[in-house]
Amino acid sequence: MSGQQTTGKTTALKQLGRLHELRVRQRYPGSDRIPVVYLTAPPKGSPRKLAIEFARFLGLPSISARHNSIDITNIVCQVMIEARTDLVLVDEIHLMNHETKAGEDLSDHLKYFTEHLPATFVYAGIEVERSGVFTGIRGRQLGGRSVLVRTGPFPRTGEWNSLIAGMECTLRLHHHEPDSLVRLSGYLHQCTGGLIGSLSHLIRAAAISAVLNESERITKDLLNETRIDHNSESLTLPRAARRTG
């Protein structure tokens, strides 16, 4: 999964994990499975740092300095196999640049996990085709085992409305009027440029403000007062136009 910043790769990745886990929980109620593991590729990461990211998500006991990468990896693989983990989500994969020694080491260790775990691996990153992820022998191997899904801004269609409706359903504001954000779908698209990351940030920030000001509802006026990320503010209408749009 590849996209520009704020196009929603991380949101989509986490939503995929959430959906899969809910389905597994429904199918195997009461089980002690850990169906999904999510981690972020460590910057300038080493094999040990990668293994520690897995261990941290799994809640394994503190890793001491005497544990090397092989020790940690073996423990992680054993736990994930016993927990029947079948989906591994790796975010910020663009940090794995095969043109660097650190990137090659990280790639080799990640490949070890893919070969020793009965799980599907899903990667997400920013402009991965330009970041060195598919460079060299290791990059070509990764490209041969992967299907690239590009993310981008949502067009103003029914899918955009459904996205807003899904986010609105998660709100727990006592006085929020149902479907009021869906009715503002055009305005929200104008504000965010159709970027799911910007939309998520805007709604979340407005919801926090609604709790703090005790109104417990999101309105267009409140959205107007809520700052969004710099990129969206630069690409969309000026704030004065937002207030009158």
Side-chain angles (χ1 to χ4, degrees), residues 1-20 36 38-41 43 89-95 122-131 133 148-173 175-213 215-245:
M1 185 182 298
S2 174
Q4 299 176 344
Q5 295 185 42
T6 72
T7 56
K9 62 173 183 58
T10 297
T11 302
L13 198 66
K14 291 182 177 180
Q15 184 65 19
L16 172 64
R18 178 177 178 273
L19 179 61
H20 179 70
V36 182
Y38 171 89
L39 65 143
T40 300
L89 308 175
V90 184
D91 204 357
E92 309 297 346
I93 197 65
H94 56 274
L95 297 175
V122 180
Y123 310 107
I126 300 172
E127 298 184 348
V128 296
E129 293 167 290
R130 301 179 184 178
S131 62
V133 171
L148 185 63
V149 178
R150 294 178 177 84
T151 62
F154 275 75
R156 188 179 168 184
T157 61
E159 191 175 10
W160 173 253
N161 292 352
S162 297
L163 176 64
I164 295 173
M167 291 187 178
E168 189 166 17
C169 285
T170 65
L171 295 175
R172 295 297 180 265
L173 300 173
H175 304 303
H176 183 75
E177 183 181 348
D179 297 326
S180 59
L181 294 185
V182 175
R183 290 193 291 272
L184 292 172
S185 61
Y187 167 79
L188 290 171
H189 194 276
Q190 200 173 56
C191 289
T192 63
L195 298 175
I196 184 175
S198 300
L199 176 68
S200 176
H201 169 80
L202 177 59
I203 293 177
R204 182 171 59 250
I208 292 173
S209 296
V211 172
L212 294 177
N213 67 21
S215 67
E216 292 284 339
R217 61 196 299 260
I218 297 177
T219 63
K220 188 174 182 180
D221 287 340
L222 182 59
L223 291 168
N224 269 325
E225 297 169 1
T226 304
R227 296 295 303 271
I228 55 178
D229 60 275
H230 172 72
N231 289 342
S232 293
E233 288 192 337
S234 300
L235 294 174
T236 56
L237 292 177
R239 293 181 63 81
R242 285 175 56 194
R243 293 190 179 94
T244 59

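Because the structure is a prediction, the values reported are computed rather than measured.
Salt bridge absent: K220 and E225 never bring a charged side-chain N and a carboxylate O closer than 4.0 Å.
Atoms CD1 and OG, on I164 and S200 in that order, are 12.0 Å from each other to the nearest 0.5 Å. With rounding to the nearest 0.5 angstrom, the CG atom of L202 is 6.0 Å from the CG atom of L188. With rounding to the nearest 0.5 angstrom, the CD atom of E216 is 10.5 Å from the CG atom of L171. With rounding to the nearest 0.5 angstrom, the CG atom of N161 is 12.0 Å from the CZ atom of R183.
A206 approaches L223 most closely through the heavy-atom pair CB-CD2, 3.8 Å. Taking all atoms of both residues into account, the shortest heavy-atom contact from G193 to P153 is O-CB, 3.4 Å. Of all the heavy atoms in A207 and L173, the pair that sits closest is O-CD2, 4.0 Å. Here the shortest heavy-atom pairing between A41 and L95 reads O-CD1, 3.2 Å.
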Test side-chain contact (heavy atoms from CB on, under 4.5 Å) on R217 and E177 and set out the steps.
-> CA-CA 7 Å; R217 61 196 299 260; E177 183 181 348; 4.2 Å; yes
L199 and W160: CA distance, side-chain angles, deciding distance, side-chain contact (heavy atoms from CB on, under 4.5 Å) verdict | CA-CA 10 Å; L199 176 68; W160 173 253; 3.8 Å; yes
Residue pair L148, Y123: steps toward the side-chain contact (heavy atoms from CB on, under 4.5 Å) verdict = CA-CA 9 Å; L148 185 63; Y123 310 107; over 6 Å; no
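Each of T192, T226, L181 was checked for a side chain to side chain contact (heavy atoms under 4.5 Å, CB included) with I203, and the lone residue meeting it is L181.
By the 4.5 Å heavy-atom criterion applied to side chains, Y187 and N224 are counted as neighbours. Side-chain contact check for D91 versus K9: some heavy-atom pair is nearer than 4.5 Å. Here the side chains of I218 and S180 are not in contact, with every heavy-atom distance at 4.5 Å or above. No side-chain heavy atom of T10 sits under 4.5 Å from any side-chain heavy atom of T40.
Judged purely by distance below 3.5 Å, without hydrogens or angles, the side chains of H189 and S185 never pair a donor atom with an acceptor atom. Checking T219 against D221 by side-chain atom types alone, no donor-acceptor pair falls below 3.5 Å.
Of the possible polar contacts, none joining the S215 side chain to the V211 backbone as a donor-acceptor pair under 3.5 Å is found. In this structure a side-chain-to-backbone donor-acceptor pair under 3.5 Å is missing from H94 to V128.
The stretch residues 155-173 participates, sequence neighbours left out, in no salt bridge (charged side-chain N to carboxylate O under 4.0 Å, His left out) pair at all.
Residues passing the side chain to side chain contact (heavy atoms under 4.5 Å, CB included) test with I208, sequence neighbours excluded: R204, L212.
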Using distance only, find each side-chain donor-acceptor pair of residues 12-19 under 3.5 Å and give its atom names and separation, not counting sequence neighbours.
none

